[in-house]
Chemist: 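Structure provided below as structure tokens; questions to follow.
Model, not experiment: these values are computed from the prediction. Within every chain, numbering begins at 1; the chains are lettered A, B, ... in the order of the sequence lines, protein sequences first and strands thereafter. In what follows, every heavy atom counts, from backbone to side chain, and hydrogens, waters and symmetry copies are set aside.
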Amino acid sequence: DVVLTQTPPTLSATIGQSVSISCRSSQSLLDSDGDTYLNWLLQRPGQSPQLLIYSVSNLESGVPNRFSGSGSETDFTLKISGVEAEDLGVYYCMQATHALWTFGGGTKLELK
Amino acid sequence: EVQLQESGPGLVKPSQSLSLTCSVTGYSITSNYWGWIRKFPGNKMEWMGYISYSGSTSYNPSLKSRISITRDTSKNQFFLQLNSVTTEDTATYYCARGSFDYWGQGVMVTVSS
């Protein structure tokens with residue numbers, strides 16, 4: 001199974017601060033078709049998960065451009081350039097490259 | 001607009017079967033992939049499986065002997081059945097489109113006698 005390790009597990013930030021979340025995969029997520037199926041999702045309290053970024057760096061429609069994704073193969077990063085109050089919640093990376101789709105353990109973003 | 005909504009019992013007894021329905025509006029389930037994901041108490045998320053536009057399925061091997069995902073294209077619904085549940089199956093269950101861009105609101109299922 002592909003294991004996704006997210007760090008840090010908890011992140012405290014002030015409004016306006018820029019933060020990054022790391023997602024490391026136990027195997028390369030580069031698919032044979034040339035794409036890398038690594039997504040980032042946010043689950044706000046009491047809500048369903050929301051897709052933020054797909055295929056490493058593509059911003060989902062309607063998602064603010066303060067969110068950005070980068071990385072390749074086994075190392076990926078989600079960056080929030082200027083945290084806003086609505087960004088609080090749990091962030092997950094997940095992969096759909098390998099037959100068994102898996103999620104990272106989550107990173108909880110809190111206000112400092 | 002694409003919308004998904006889960007329905008089913010919130011309480012299931014151990015050893016019984018858990019059955020949930022995902023009703024989809026605004027998009028045909030004969031396109032794309034449609035999956036079930038669950039979130040355990042705490043933060044752990046687990047992909048359970050999906051049914052494709054053609055009706056083929058793929059399941060998490062950890063559940064393979066207990067899980068079945070089926071569909072009714074006439075009603076634009078797909079279904080989850082999980083057999084022989086234990087307290088470890090207590091979770092919030094979500095249905096989602098395979099591109100993970102649309103999710104249901106989730107249904108909390110407790111396994112308890």
Chemist: What pairs meet the salt bridge (Lys or Arg N to Asp or Glu O under 4.0 Å) rule with one or both residues in residues 25-34 of chain B, with sequence neighbours excluded?
Modeler: none

Chemist: Are B/Ile51 and B/Ile67 co-members of a hydrophobic cluster defined by side-chain heavy atoms under 4.5 Å apart?
Modeler: yes

Chemist: Do B/Met45 and A/Leu100 share a hydrophobic cluster (ILVMFWY, side-chain heavy atoms under 4.5 Å, transitive)?
Modeler: yes

Chemist: Spell out the residues in residues 71-83 of chain A that have some non-hydrogen atom less than 4.5 Å away from a non-hydrogen atom of chain B, in order of number; otherwise answer 'none'.
Modeler: none

Chemist: Taking side chain as everything from C-beta outward and backbone as N, CA, C, O, which of these in A/Leu52 sits under 4.5 Å from a heavy atom of chain B? Side chain, backbone, both or neither.
Modeler: neither

Chemist: Under the disulfide bond (SG atoms under 2.5 Å apart) definition, can you give me all pairs with a residue in residues 83-113 of chain B, not counting sequence neighbours?
Modeler: B/Cys22-B/Cys95

Chemist: Using the rule that two of Ile, Leu, Val, Met, Phe, Trp, Tyr join whenever any of their side-chain heavy atoms come within less than 4.5 Å, decide whether A/Phe67 and B/Phe100 are in one cluster.
Modeler: no

Chemist: Let me check something: do A/Ile15 and A/Leu88 share a hydrophobic cluster, defined by ILVMFWY side-chain heavy atoms less than 4.5 Å apart, either directly or through other members?
Modeler: yes

Chemist: Given the rule that I, L, V, M, F, W and Y join up when any side-chain heavy atoms are under 4.5 Å apart, are B/Met108 and B/Leu18 in one cluster?
Modeler: no

Chemist: May I have a list of the donor-acceptor pairs under 3.5 Å that connect chain A with chain B?
Modeler:
from, atom 1, to, atom 2, distance (Å)
A/Gln43, OE1, B/Lys39, NZ, 2.7
A/Gln43, NE2, B/Tyr94, OH, 2.7
A/Ser48, OG, B/Gly104, O, 2.5
A/Tyr92, OH, B/Lys39, NZ, 3.4
A/Tyr92, OH, B/Asn43, O, 2.6

Chemist: Can you tell which of A/Gly105, A/Pro9, A/Pro49 has the highest number of heavy-atom pairs within less than 4.5 Å of chain B?
Modeler: A/Pro49

